[in-house]
Amino acid sequence: MKDDKMELKYICPLITVEDLEKSRKFYEEILNQEVEMDHGANVAFKGGFAIHDREHYQGLLGESSLVNTTTPKLFMELYFESEDLDEICQKLESVNVKFVHKIQEQPWGQRVMRFYDPDGYIIEWVNPWNLWCADLPVRAFPPER
């Protein structure tokens with residue numbers, strides 16, 4: 001008997017960008033992301049996300065008037081991890097990236113920074129969980145004084 005469930009496989013988030021080459025350069029050269037597939041107006045990165053030229057994408061949707069995509073996107077973020085948070089922050093500062101905030105420690109001990117990509121999408125960059133959770137019992141239950 002055949003299963004009636006339709007197979008659906010999630011692939012990745014796709015964000016639309018104003019200037020594909022500028023965004024591609026930002027993700028490749030500044031954030032060290034490697035291109036997995038380049039379809040011209042759509043570029044997928046090995047990290048599991050894709051960028052798509054805004055004008056081309058809106059044409060695929062049948063939109064005749066272009067929507068302004070350069071305003072900050074405070075409704076989503078792309079999430080990355082790295083052990084070299086301080087080094088990445090310095091690199092971002094050197095190219096004048098606009099920060100939501102620089103490195104902060106979350107209440108649970110994880111270090112995080114957030115900044116904007118060229119199209120106003122928020123990028124969250126954190127240190128991996130294994131770096132901050134190693135002393136979680138100490139943080140959660142500090143020694144008595």
Spacing of CD belonging to Glu21 relative to CG belonging to Asp53, to within rounding of 0.5 Å | 9.5 Å
Treat each ILVMFWY residue as a node, draw an edge where side-chain heavy atoms are under 4.5 Å apart, and state whether Met76 and Leu31 are in one component.
-> yes
Output yes when Arg114 and Glu124 qualify as a salt bridge under the 4.0 Å nitrogen-oxygen rule, no when they do not.
-> yes
Hey, can you pull the donor-acceptor pairs under 3.5 Å for the side chains in residues 38-50, sequence neighbours left out?
from, atom 1, to, atom 2, distance (Å)
Asp38, OD1, Gly40, N, 2.8
Asp38, OD2, Arg24, NH1, 2.5
Asn42, ND2, His52, ND1, 3.2
Lys46, NZ, Glu34, OE2, 2.9

Is any NZ, NE, NH1 or NH2 atom of the basic residue among Lys22 and Asp119 found under 4.0 Å from an Asp or Glu carboxylate oxygen of the other?
-> no
Using a side-chain heavy atom cutoff under 4.5 Å and only I, L, V, M, F, W and Y, what cluster partners does Leu74 have?
-> Val100, Tyr116, Ile122
Look up atom NZ in Lys102 and atom CG in Asp86, then write down how far apart they are to the nearest 0.5 Å.
-> 12.0 Å
Quick one: does Val112's side chain get under 4.5 Å of Trp125's, heavy atoms only?
-> no
Answer with yes or no whether the side chains of Tyr27 and Asn32 bring together a donor and an acceptor at under 3.5 Å.
-> no
Test side-chain hydrogen bond (donor to acceptor under 3.5 Å, both in side chains) on Trp108 and Gln106 and set out the steps.
-> CA-CA 5 Å; Trp108 53 88; Gln106 301 291 358; 5.8 Å; no
Starting at CZ of Arg111, measure out to CD of Gln104 and round the result to the nearest 0.5 Å.
-> 11.0 Å
Does any N or O in the side chain of Lys91 come within less than 3.5 Å of the main-chain N or O of Ile30, such that one atom is a donor and the other an acceptor?
-> yes
Is the shortest heavy-atom distance from the side chain of Glu93 to the side chain of Cys89 under 4.5 Å?
-> yes
Look at atom CD of Glu87 and say whether more than 12 heavy atoms of other residues, nucleotides or ligands are closer to it than 6.0 Å.
-> no
In this structure, CG of Asn127 is separated from CD of Glu83 (nearest 0.5 Å) by 8.5 Å
About how many Å separate CG of Leu92 and CD of Gln90, when rounded to the nearest 0.5 Å?
-> 10.0 Å
Co-membership, hydrophobic cluster, residues Phe99 and Phe26, 4.5 Å side-chain = yes
For residues Arg54 and Thr16, report the shortest heavy-atom separation together with the two atoms involved.
-> CA-CB, 4.1 Å
Mind checking whether Ile88 and Met113 have side chains closer than 4.5 Å, heavy atoms only?
-> yes
Phe80 and Val126: CA distance, side-chain angles, deciding distance, side-chain contact (heavy atoms from CB on, under 4.5 Å) verdict = CA-CA 6 Å; Phe80 296 88; Val126 303; over 6 Å; no
Does Glu28 CD have over 12 foreign heavy atoms under 6.0 Å away?
-> yes
For the atom pair CD1 (Ile15) and CD1 (Ile51), what is the distance rounded to the nearest 0.5 Å?
-> 7.0 Å
Taking a hydrophobic cluster as the set of Ile, Leu, Val, Met, Phe, Trp and Tyr residues connected by side-chain heavy atoms closer than 4.5 Å, whether directly or through intermediates, do Met37 and Leu60 fall within one such cluster?
-> no
Any link between Val95 and Ile123 through a network of hydrophobic side chains (Ile, Leu, Val, Met, Phe, Trp, Tyr) touching at under 4.5 Å?
-> yes
